[in-house]
Asker: 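The structure's right below; bear with me while I get my questions together.
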Amino acid sequence: MDSRHWHILGAGSIGSLFACLLDQAGVGCSLVLRPSDPALERGSLDILLREGSVTNRHNFALGSPASAAPIHQLLVCTKAYDLEESIASVLPRLAPDAVIVLLANGLGYQQRIAEQWPRFTVVSGSTTEGAFRATHHGQNREVQRAGRGITWFGASELGAPDWFSDWQEIDAHCVWTSDMDAVLWRKLAINCAINPLTALHHCLNGALAERHELALAVRELCVEIATVTEAAGHPEAATHLHTSVMEVIRATANNRSSMLQDISAGRPTEIDYLTGHLVATAERLHIATPRNRSLLNAVRELETSQTLGRNR
Ligand code: KPL
């Protein structure tokens, strides 16, 4: 296996999308699945990538955290709350010079991970690609690309590394930035304006532009979010926030946000790393965010009621 090969941890919608895009561009990649995943027994997995009326099939070799092959380049697309445990599970496989790219929503974990494993190069990523996993057909998995976006990578003290050239070959808009904090804040701001509302109203992203009461809620949320983002030291991420949010809503109109996908699947959501991080920052800066706080509480309540329902 060549040292440019990517291992992808977390083959949910975004992990599967990027696996297919890397494969399509001829960049080798394989999937690292949980030891309990029944697909592991087959050794390889087909993923169907659908975009509009076009469907392409991609075949991936599978491994588990216990496989022998060393990992030089690891893309981690698990949920924010699973990142640390997932990385810890593959530690014995990581080569001494391994690069770990984190592509999850939210803020609050990046620095912790870089500090926890200083011997690896940890790079943050952020994407506004819209994708969701469609139903499994037999032994295949299917991912629907529901809106094109931009994918940023960056680590404050590094210029674009050699491996980034592979990402420029894939059929997606990938950008290297030396100001990743601004990008992460911008993405956090966009997610805070879109994800909780779609999860609570069980609607596609596009409904936030189409339904008057939801469009108004987005506008009001953006005012609070922009105030906190600016006060947190990222005025560039706060500029024209409402316009950017509406652009993302339109570009991903047919997508179910990741939070809606989590709620529908009965999984925990990333609310603590999104609205939770925003509200905690606002409290530290003595800024009132009643609208975001109320969404935070509502999503937490929804999560709790789902857990209670499951255990009953
Ligand atoms: O990041 C997203 C998410 O769903 O988490 C957006 C860009 C809102 C696309 O749905």
Side-chain angles (χ1 to χ4, degrees), residues 1-19 21-22 27-37 39-40 45 60-127 129 133 151-158 161-164 166-167 174 176 180-181 183-184 187-188 191 258 262 267-274 276-277:
M1 194 174 289
D2 80 86
S3 61
R4 284 174 57 209
H5 189 96
W6 284 89
H7 284 85
I8 300 184
L9 192 55
S13 47
I14 290 294
S16 301
L17 171 67
F18 282 106
L21 295 177
L22 285 165
V27 180
C29 68
S30 47
L31 309 178
V32 183
L33 303 184
R34 289 175 198 273
S36 58
D37 196 316
L40 264 178
L45 177 73
F60 297 99
L62 303 177
S64 80
S67 306
I71 296 178
H72 295 273
Q73 301 184 144
L74 180 69
L75 176 69
V76 194
C77 299
T78 63
K79 295 287 166 188
Y81 50 77
D82 266 344
L83 282 168
E84 279 152 286
E85 210 183 308
S86 309
I87 295 171
S89 76
V90 295
L91 275 185
R93 293 190 61 187
L94 289 176
D97 61 346
V99 174
I100 303 176
V101 178
L102 309 174
L103 194 57
N105 277 334
L107 269 167
Y109 54 79
Q110 291 83 355
Q111 200 180 340
R112 225 174 33 231
I113 290 176
E115 282 170 8
Q116 198 168 340
W117 292 295
R119 63 185 187 280
F120 303 122
T121 305
V122 179
V123 169
S124 294
S126 179
T127 185
E129 289 282 343
R133 283 259 297 270
T151 303
W152 291 268
F153 298 101
S156 42
E157 73 284 14
L158 294 174
D162 289 348
W163 58 259
F164 183 65
D166 282 341
W167 287 82
C174 296
W176 182 267
M180 198 58 201
D181 278 353
V183 171
L184 291 171
K187 180 68 193 325
L188 177 96
N191 284 131
S258 54
D262 289 339
R267 289 189 295 259
T269 73
E270 296 174 310
I271 193 74
D272 288 338
Y273 294 87
L274 298 173
H277 187 85

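When a residue number appears, it is its place in the shown sequence, counting from 1. No experiment lies behind these values; they were computed from the predicted model shown.
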Asker: If I take atom CG from residue Leu94 and atom CG from residue Leu74, how far apart are they, to the nearest 0.5 angstrom?
Answerer: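 Leu94 CG to Leu74 CG: 6.0 Å, rounded to 0.5 Å.
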Asker: Quick one: SG on Cys77 to CD1 on Ile14, what's the gap to the nearest 0.5 Å?
Answerer: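 Rounded to the nearest 0.5 Å, the SG-CD1 separation comes to 7.5 Å.
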Asker: Going by ring-ring contact (aromatic ring centres under 6.0 Å, His included), name the residues that satisfy it together with Phe60, two or more places apart in sequence or in a different chain.
Answerer: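 Listed in chain order: nothing, the list is empty.
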Asker: State, to 0.1 Å, how close Leu107 and His277 come at their nearest heavy-atom pair, and which atoms those are.
Answerer: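 For Leu107 and His277, the tightest heavy-atom pair comes out as O-ND1, 3.5 Å.
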Asker: Of all residues at least two apart in sequence or in a different chain, which pass the side chain to side chain contact (heavy atoms under 4.5 Å, CB included) check with Asn105?
Answerer: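 Expected list: Lys187, Asn191, Asn195, Ser258, Glu270, Leu274.
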Asker: Mark yes or no for whether Glu85, through its side chain, and Tyr81, through its backbone, hold a donor-acceptor pair below 3.5 Å.
Answerer: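 Such a contact is absent between Glu85 side chain and Tyr81 backbone.
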Asker: Check side-chain hydrogen bond (donor to acceptor under 3.5 Å, both in side chains) between Asp272 and all other residues, then give those that pass, not counting sequence neighbours.
Answerer: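 Testing Asp272 for side-chain hydrogen bond (donor to acceptor under 3.5 Å, both in side chains), a comparison that skips the adjacent residues, returns Arg300.
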Asker: How far apart are the closest heavy atoms of Cys29 and Leu22, and which atoms are they?
Answerer: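 In terms of heavy atoms, the two residues are closest at SG-CB, 4.1 Å.
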Asker: Determine the minimum heavy-atom distance between Leu33 and Ala11, stating which atoms define it.
Answerer: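 Nearest pair, atom of Leu33 first, then Ala11: CD2-CB, 4.4 Å.
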Asker: Quick one: does any side-chain atom of Tyr273 pair with a main-chain N or O of Ala104 as donor and acceptor, under 3.5 Å?
Answerer: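 Checking the backbone N and O of Ala104 against the side chain of Tyr273, no donor-acceptor pair under 3.5 Å is found.
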Asker: Is there side-chain contact between Leu62 and Asp37, with at least one heavy-atom pair below 4.5 Å?
Answerer: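 Leu62 vs Asp37: side chains apart.
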Asker: How long is the gap from CG on Leu102 to CG on Leu83, to the nearest 0.5 Å?
Answerer: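 So the gap between those two atoms works out to 6.0 Å.
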Asker: Taking only residues at least two apart or on different chains, which pairs with a member in residues 60-69 satisfy side-chain hydrogen bond (donor to acceptor under 3.5 Å, both in side chains)?
Answerer: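 Not a single pair qualifies under side-chain hydrogen bond (donor to acceptor under 3.5 Å, both in side chains).
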Asker: What pairs with Trp176 under ring-ring contact (aromatic ring centres under 6.0 Å, His included), at least two apart in sequence or on another chain?
Answerer: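 For Trp176, the residues satisfying ring-ring contact (aromatic ring centres under 6.0 Å, His included) (neighbours in sequence not counted) are Trp163, Phe164.
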Asker: Measure the spacing between CZ of Arg4 and CG of Asp166 and express it to the nearest 0.5 Å.
Answerer: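 Going from CZ on Arg4 over to CG on Asp166, the span is 4.0 Å.
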Asker: Ignoring hydrogens, what is the shortest heavy-atom contact between Ser89 and Ser86? Give both atom names and the distance.
Answerer: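 Heavy-atom minimum between the residues: OG-O, 2.6 Å.
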Asker: Quick one: which residue pairs count as a salt bridge (charged side-chain N to carboxylate O under 4.0 Å, His left out) with a foot in residues 88-107, not counting sequence neighbours?
Answerer: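 Qualifying pairs, neighbours excluded: none.
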Asker: Using every non-hydrogen atom in the two residues, find where Gly10 and Thr78 come nearest and quote the distance to one decimal.
Answerer: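 Scanning both residues, the minimum pair turns out to be CA-CG2, 3.9 Å.
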Asker: So, taking the atom named CH2 in Trp6 and the one named OG in Ser30, what distance separates them when rounded to the nearest 0.5 Å?
Answerer: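 OG of Ser30 is found 12.0 Å from CH2 of Trp6.
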Asker: Which heavy atom in Arg133 sits nearest to a heavy atom in Ser16, and how many Å separate them?
Answerer: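 Where Arg133 meets Ser16 most closely, the heavy atoms are CD-OG, 4.2 Å.
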Asker: Please check this pair: side chain of Glu84 against backbone of Asp82, looking for a donor-acceptor N/O pair closer than 3.5 Å.
Answerer: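 No, the answer is negative, given that no donor and acceptor are paired below the 3.5 Å cut-off.
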Asker: Extract all donor-acceptor atom pairs below 3.5 Å that involve side chains of residues 115-127 and protein atoms in other chains or at least two apart in sequence.
Answerer:
residue: Glu115; atom: OE2; partner: Gln111; partner atom: NE2; Å: 3.0
residue: Thr127; atom: OG1; partner: Glu129; partner atom: N; Å: 3.0
residue: Thr127; atom: OG1; partner: Thr151; partner atom: OG1; Å: 2.8

Asker: Leu9 and side chain to side chain contact (heavy atoms under 4.5 Å, CB included): which single residue from Ile71, Val76, Leu31 fits?
Answerer: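 Single pass found, and it is Val76.
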Asker: To the nearest 0.5 angstrom, please state how far the CD1 atom of Ile8 sits from the CD atom of Gln73.
Answerer: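 The distance works out to 11.0 Å.
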Asker: Tell me, which pairs form a salt bridge (charged side-chain N to carboxylate O under 4.0 Å, His left out) where one or both residues lie in residues 68-78, sequence neighbours left out?
Answerer: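 Applying salt bridge (charged side-chain N to carboxylate O under 4.0 Å, His left out) to every pair that reaches into residues 68-78, excluding sequence neighbours, yields nothing.
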Asker: Could you tell me which residues satisfy salt bridge (charged side-chain N to carboxylate O under 4.0 Å, His left out) with Asp262, sequence neighbours excluded, listed by chain and number?
Answerer: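 With sequence neighbours excluded, Asp262 shows a salt bridge (charged side-chain N to carboxylate O under 4.0 Å, His left out) to Lys79, Arg267, given in chain and number order.
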Asker: Check whether any side-chain heavy atom of Leu75 sits under 4.5 Å from a side-chain heavy atom of Trp167, and report yes or no.
Answerer: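 They are in contact (side-chain heavy atoms under 4.5 Å apart), so the answer is yes.
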